[in-house]
**Q** 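Pasting in a structure now, in structure tokens, and then I'll have a few things to ask.
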Number of protein chains: 4
Amino acid sequence: METNSWSGAANVGFSVPAKVSHETKLESTLVNIAGVEVGGNDIIVIAGPCAVENQEQLFSTARGVRKYGAHILRGGAFKPRSSPYSFQGLGEEGLKLLSSIREETGMPVVTEIMDTRQVDLVCQYTDILQVGSRNMQNYPLLKEVGHTKKPVLLKRGMMATLEEFLLAAEYILSQGNENVILCERGIRTFETSTRNTLDLSAVPMLKRLTHLPVIVDPSHGTGIRWMVPAMAKAAIAAGADGLIMEVHYRPDEALCDGQQSLDLDLFARLMADLKKIAFAVDRNISEPIHS
Amino acid sequence: METNSWSGAANVGFSVPAKVSHETKLESTLVNIAGVEVGGNDIIVIAGPCAVENQEQLFSTARGVRKYGAHILRGGAFKPRSSPYSFQGLGEEGLKLLSSIREETGMPVVTEIMDTRQVDLVCQYTDILQVGSRNMQNYPLLKEVGHTKKPVLLKRGMMATLEEFLLAAEYILSQGNENVILCERGIRTFETSTRNTLDLSAVPMLKRLTHLPVIVDPSHGTGIRWMVPAMAKAAIAAGADGLIMEVHYRPDEALCDGQQSLDLDLFARLMADLKKIAFAVDRNISEPIHS
Amino acid sequence: METNSWSGAANVGFSVPAKVSHETKLESTLVNIAGVEVGGNDIIVIAGPCAVENQEQLFSTARGVRKYGAHILRGGAFKPRSSPYSFQGLGEEGLKLLSSIREETGMPVVTEIMDTRQVDLVCQYTDILQVGSRNMQNYPLLKEVGHTKKPVLLKRGMMATLEEFLLAAEYILSQGNENVILCERGIRTFETSTRNTLDLSAVPMLKRLTHLPVIVDPSHGTGIRWMVPAMAKAAIAAGADGLIMEVHYRPDEALCDGQQSLDLDLFARLMADLKKIAFAVDRNISEPIHS
Amino acid sequence: METNSWSGAANVGFSVPAKVSHETKLESTLVNIAGVEVGGNDIIVIAGPCAVENQEQLFSTARGVRKYGAHILRGGAFKPRSSPYSFQGLGEEGLKLLSSIREETGMPVVTEIMDTRQVDLVCQYTDILQVGSRNMQNYPLLKEVGHTKKPVLLKRGMMATLEEFLLAAEYILSQGNENVILCERGIRTFETSTRNTLDLSAVPMLKRLTHLPVIVDPSHGTGIRWMVPAMAKAAIAAGADGLIMEVHYRPDEALCDGQQSLDLDLFARLMADLKKIAFAVDRNISEPIHS
């Protein structure tokens, strides 16, 4: 099967860094997140709101995505916003809410970390540390998350070449933490009708160059709700190991990124469609293990 | 089904030109090419060599892709090459070879046209006129192909926004020819590991904005043979109405684009995989009608 | 002086095509346009309206730019417009107007050519054939203008690499016409506050790689009237051999590109400023020869 | 004079953030760095090595640039490197060397800061805190430098729009620190012959939109030593308030960015040329105040 058998080095005009390279580690890395394995035959779905806004919003959304088959919950407590005047997240209060709903639903939780000083705090409440696009080359942060053993979800910078992306991952691995999941989330191009241009060719390329799992974020990749299903399906068809998607129980009231968030109905329908695509590429989307 | 039911206008920051707009024509346009219909439930596969090189190369490749299920044959007689010293195509001799193999196999033929002075000549030998990326904004050429009634395969410029792409199509429709097939073939970005960045989000976006069929070229979109299957599958999952792919009976001897051409074995295997993906999105890849 | 003494080959990751290369021709090429020499110590200013609209507009603008020191008149008779519904130019009538005012003022004239079938016609009325950005890789057109001996103003494609730009020029030189002037006019990037991003680093790079003259178009390069003076000055400081700028006697009434056109007052003031910059880089802006 | 008289709001398709906007503060901000004023009629030159490597390298380079007229010394102690295996800088030892040579020469010092935890340390040794391109959207870092009163040199992200650049500056001003100098340092485009594409149109645009000083880094902007002089001159002609350039006493032995560093001879000649350009645009390059 494609995801577990490596097809040999590819000539891409740069040398793949040593620790992330598939040439130095032939088997695919499986990242284990509280029992959920990313990088194997099973495709993993991460879903949840852009930002944790309050208990009702988080809990309703989390229960919804849990019900329709998401494996991992996402939710931002510290939000990187272009403007200093936009909602910046609930901070530690948001982390506590994530922790509560994790306990209730059994879903592991991923949240973004932006500051080296927050690593210890965020590690207490979360199962995966997300390093966002804007911080892909924040080297002190990469080193700091590399010192923990926590799984890290590393998002591609919106301006980063694949070589730079792999070098950023190498920063983490070089500190001793191999639990890194790469995430394509759209790059910046001249096109203005979408928020970003989702670069799905990054998926087969990265799968060939590195042993690390590769997932796709069609929410940020398009910025447009009705485009998410088509691009989520395409990501699986291209060989992605998983998806991370923004879902909100009431997208029109969202404090952040509502226009790209699925509601629960759309999410439920998409999960059914994704299973068909997974089957067509000899992959599988399992029921969540904690029921 | 997604391809035949329009979901309403989308706010994309520009107004869709009148004649290509899905708002002015709710039903999808079916382009009929000598009996092969593009834009309906059936997914159409166009395959063949980058350039017509000689009789043996063209005929062997054409018979091969025919055997494994391609619906339409591609082959360049006039080649747009970045360097004046590269192989420029066989010209009219190439057109005659395309015409012969069309007669033998019954496959309709598409070939690129670059010069307003060639329109009459190329129309004699071919079923679809391809306007290539570099000529997407060659307005005299667009008008000239608009004056014919021939189906036109219009490739997106490698630097063109979707708005400009639709305006280029509008040039053709405004002359009275509605038989236009749009083709996403990769855009230029900062990424250097692939030849272009295949913009699959163009597929759902264009399908929403226009009634015209939309196909994808994963060969130019990636420039790398081993990436073509993954991106071809992703294109179908994203909603494309067809694919155009470079296939060569001996890619390593190709005069042009050999590194991105599939050989016949890879093409055969890919066709089998594509059928599974098509099924997963409620589409179909039929056996070619002329057997 | 920098412009006439070549400083040796530069390692740019590609090989410069043979006929345009500065390595094969050490002296700079001087393109002589009815007595006006481009590529020497004198900096040449080309000015005039985007499009020829009518006699009064053309003649008033031409007399104005002539008075304030422009050496060559620009004016479009065939306009490449993104939309088929925009003003497409006056065609041959525009060429005749250009020819009349050329006779009156003694200024040589440059106009854009878009179609291989127009070459003979346009050659009758004009001193320089402009190949526009959208046609930089229109190879039949490049070959056709290469067959004439007319000077050619070749604009860089808005997403063309410098390698592709030089290869496009090579198409013209390979047909026997060495009278080619290269023009940087802005490239397409992600930035949206300007129409294009004027790439002034193209100036020293091209001057090093090729013996051909290099000029800059700050009007299309910015798309914004008030930015033109700053970028025109910067272009000269960067080593450009000339400028091409849009000037209109009544910019607010222009049928095309009014927002980026200087009025005659701004043009007059800019010419004075440009002389100071030219002096600072040991160049010169002469009074027009035909008075 | 252009730099002190504002010409009114420009329509750029976004609203300029409140505190950085020229509309809310008509006079230009002068940032005072230990007596050196940036943003007035005088053009300021910042020069020095990419990284502090050792005492001899730093001191020889600093004395050299001081001698030839640089006003401020640059030198990196913490280096953001794409690869974890590249030289990462001397850290605090580098800061101490910078502090010593500052004492000797009287030149203020700028150095990059990458981690919120380093702010206090770096403030002890330096006169300007540089926030590098990769950290332009590192919001915790922006807030932290905003809490100090130190002047901040904020470099544009290599794929940041001007709107995002201004929003990043707003983060700093919103914390109470108005001493921000903006620096254009090249953006990422498809062009590969230069390291980046120096976007000089950012200079007049930013000068119009904001009251903050704007300087240019032609070293990173081009990545090529022989291109630096042409682009430095162009930057001044475009209206920049200053330059930051990499100079090394022995560029071929540099541990970092040697290929884009000027040697002292080139720097001396460039300073002479820059004075002529400054004069041509009614600006001035003064002798350093501390002799």
Side-chain angles (χ1 to χ4, degrees), chain C residues 2 7-8 10-14 159-165 186-209 218 221-224 226-240 259 273-282, chain D residues 2 7-8 10-14 159-165 186-209 218 221-224 226-240 259 273-282:
Chain C
E2 194 173 277
S7 358
N11 178 10
V12 286
F14 61 86
M159 216 154 180
T161 62
L162 295 183
E163 181 182 14
E164 290 168 334
F165 192 16
I187 56 173
R188 182 160 279 180
T189 68
F190 57 85
E191 177 59 41
T192 55
S193 66
T194 45
R195 181 174 179 181
N196 293 288
T197 298
L198 190 64
D199 176 14
L200 289 183
S201 61
V203 175
M205 182 58 91
L206 289 169
K207 292 294 292 176
R208 175 98 174 218
L209 300 181
T222 62
I224 301 174
W226 63 263
M227 293 188 77
V228 170
M231 299 314 286
K233 287 185 267 183
I236 301 305
Q259 78 294 342
D273 286 349
L274 290 175
K275 282 172 189 167
K276 295 194 276 181
I277 298 281
F279 180 77
V281 291
D282 300 322
Chain D
E2 193 174 276
S7 358
N11 178 10
V12 286
F14 60 87
M159 217 153 179
T161 62
L162 294 183
E163 182 182 14
E164 291 168 333
F165 191 18
I187 56 173
R188 183 160 280 179
T189 68
F190 57 84
E191 177 60 42
T192 55
S193 67
T194 45
R195 182 174 177 180
N196 293 287
T197 297
L198 191 65
D199 175 13
L200 288 183
S201 61
V203 174
M205 183 57 90
L206 288 169
K207 292 294 292 176
R208 176 98 174 217
L209 300 180
T222 62
I224 301 175
W226 63 263
M227 295 188 75
V228 170
M231 299 314 286
K233 286 185 267 183
I236 300 305
Q259 79 293 343
D273 286 349
L274 290 176
K275 283 171 188 167
K276 295 194 275 181
I277 298 281
F279 179 77
V281 291
D282 300 322

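The sequence lines fix the lettering, A, B, ..., with proteins before strands; numbering per chain opens at 1.
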**Q** Measure D/T189 against the heavy atoms of chain C and call it side chain, backbone, both or neither at under 4.5 Å.
**A**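 Interface part for D/T189: side chain.
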**Q** Is D/E163 close to C/S193 at the side-chain level, that is, under 4.5 Å between some pair of heavy atoms?
**A** no
**Q** What part of D/F279 lies closer than 4.5 angstrom to a heavy atom of chain C: side chain, backbone, both or neither?
**A** neither
**Q** Only one of C/L198, C/L200, C/I187 passes side chain to side chain contact (heavy atoms under 4.5 Å, CB included) with D/T197; say which it is.
**A** C/I187
**Q** List for me each residue that meets side-chain contact (heavy atoms from CB on, under 4.5 Å) alongside C/A280, sequence neighbours excluded, and say none if there are none.
**A**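 Partners of C/A280 under the side-chain contact (heavy atoms from CB on, under 4.5 Å) test: D/K276, D/I277, D/A280.
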**Q** Restricting to non-hydrogen atoms, name the atom on D/L162 and the atom on C/E191 that form the minimum distance, rounded to 0.1 Å.
**A** N-OE1, 2.9 Å
**Q** Non-hydrogen atoms of chain C under 4.5 Å away: do they reach the side chain of D/I224, the backbone, both or neither?
**A** side chain
**Q** Measure C/M231 against the heavy atoms of chain D and call it side chain, backbone, both or neither at under 4.5 Å.
**A** side chain
**Q** side-chain contact (heavy atoms from CB on, under 4.5 Å) with D/E164: which residues, sequence neighbours excluded?
**A** A/R188, D/M136, D/Q137, D/A160, D/T161
**Q** Hey, which of D/A232, D/G13, D/A202, D/A234 has the most heavy atom pairs under 4.5 Å with chain C?
**A** D/A234
**Q** At their closest point, which heavy atom of C/K233 faces which heavy atom of D/V281, and how far apart are they?
**A** CD-CG1, 4.3 Å
**Q** Of all of C/A237, C/P218, C/A278, which one pairs up most often with chain D through heavy atoms under 4.5 Å apart?
**A** C/A237
